[in-house]
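All chains are named by letter (A, B, ...) in the order of the sequence lines, taking the proteins before the strands, and each is independently numbered beginning at 1. If you're wondering where the values come from, they're calculated on a predicted model, not measured in any experiment.
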Number of protein chains: 2
Amino acid sequence: MHFSKTTEYAIRVLSYLHRYSSTSHSVNVLHQELNLPYKYLTKMMTELVKKGLVTASRGREGGLSLAKNADEIHLCDILEAIGEPLESERCILGFEKCDASNPCALHDQWAPPKAMIEAMLTNTTLASLLHDKETKL
Amino acid sequence: MHFSKTTEYAIRVLSYLHRYSSTSHSVNVLHQELNLPYKYLTKMMTELVKKGLVTASRGREGGLSLAKNADEIHLCDILEAIGEPLESERCILGFEKCDASNPCALHDQWAPPKAMIEAMLTNTTLASLLHDKETKL
DNA sequence: TTATAATACTACTACAAAGTAGATAAATAC
DNA sequence: GTATTTATCTACTTTGTAGTAGTATTATAA
């Protein structure tokens, strides 16, 4: 009942890119500032570039920055880019088909928390994360 | 953002033992009825016996049954026995220390869904799962 | 043009969860 | 007592995620 490490990393990196969006940042900087494994980060960022969430520029003064406005990037977009999509149709007990007409034993009990998680992931944007206070990334 | 396979299996098996609690059931029966891998199930059930959720009796007419009343077994007890505890203190972004006074970027947004999940897992008992209708296990 | 700072690629290792295989031990019906 | 049915133990294989290593490629500042 938690995010994958990769998802944690992606959210933190993209939040950082948004918070300090006046310039681009190299993988090395992200590695040091966020204390994430360098090599793993390069792979992940390459993936986020391919998925269109991040733009990369090479050479001196190059680096990474958000490819869209922060209010256009929802948490669910990040999960999807990482390969951990919402799976809103996925059954909590692992059944192939599970809905109100043919529910698993946990279907009804799981519905409210599930709806709340999905609402949070679809409504929360990068921009909305940093409004009130300085938070750690 | 999902349960481990082992947790899924455990919930299903314990629900089955409750629903058909008039008798005990061998691992082989559970394997066939619930379509779960036999050998994996034997390991898991041994663990649930050790943790005190299930009683096992050997020999002919032996098998497995619930060790407590179904209204005394909460979902969180199952998760804990399986080794996937609630981790209510665990930060959604993986930080060691994360609370209201020193929050991560997602702390506030995650709080409501988190509370709902925990309430569901602590309030739901095996007995409460099967009240209204026949559900699949 | 060239040194360099950066991304991008390919292949490997480490570890835990999931699943498999075979042998052993206990209880009971007969 | 014995055969059978059952749980239990030890060890192995598989698979996916996380993380590491080295190199190639690209862009740009000087």
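Atom-to-atom distance recorded for B:M45:CE and B:L36:CG is 10.0 Å, nearest 0.5 angstrom.
Among residues two or more places apart in sequence or in another chain, the salt bridge (Lys or Arg N to Asp or Glu O under 4.0 Å) test is passed with B:K51 by B:E47.
When each of A:K5 and A:G59 is assigned the nucleotide of DNA chain D with its nearest heavy atom, A:K5 is the one assigned upstream, toward the 5' end. In terms of position on DNA chain C, the residue among B:F3 and A:R60 whose nearest nucleotide sits closer to the 5' end is A:R60.
Put simply, chain B comes within 4.0 Å of DNA chain D, heavy atom to any atom, from D:dT4 to D:dC9, going 5' to 3'.
Among residues at least two apart or in separate chains, ring-ring contact (aromatic ring centres under 6.0 Å, His included) pairs with a member in residues 15-34 of chain B are B:Y16-B:Y20, B:Y16-B:H25, B:H31-B:Y38.
Side-chain contact of A:N28 with A:S26: a donor-acceptor pair under 3.5 Å is absent, judged by distance alone. For the residue pair A:R19/A:T135, the side-chain donor-acceptor check at 3.5 Å is satisfied. For the 3.5 Å distance criterion, the side chains of A:Q109 and B:T124 fail to qualify, holding no donor opposite an acceptor. A donor-acceptor contact closer than 3.5 angstrom is absent between the side chains of B:Y9 and B:S4.
For DNA chain D, the residues of residues 6-16 of chain A within the heavy-atom distance limit of 4.0 Å (strictly under) are A:T6, A:Y9, sorted by number. Of the residues in residues 34-52 of chain B, B:P37, B:K39, B:Y40, B:K43 come within less than 4.0 Å of DNA chain C through at least one heavy atom, sorted by number.
Side-chain contact between A:L79 and B:M1 is absent, with no heavy-atom pair separated by less than 4.5 Å.
The nearest whole Å value for the distance from the CG atom in B:L64 to the C1' atom in C:dA27 is 14 Å.
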Cut-off 3.5 Å, no hydrogens considered: what does the side-chain donor-acceptor table look like for residues 52-69 of chain B, sequence neighbours left out?
from	atom 1	to	atom 2	distance (Å)
B:T55	OG1	B:S65	O	3.3
B:T55	OG1	B:S65	OG	3.2
B:S57	OG	B:G63	N	3.4

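A salt bridge does not link B:E118 to B:R90: none of the charged nitrogens lies less than 4.0 Å from a carboxylate oxygen.
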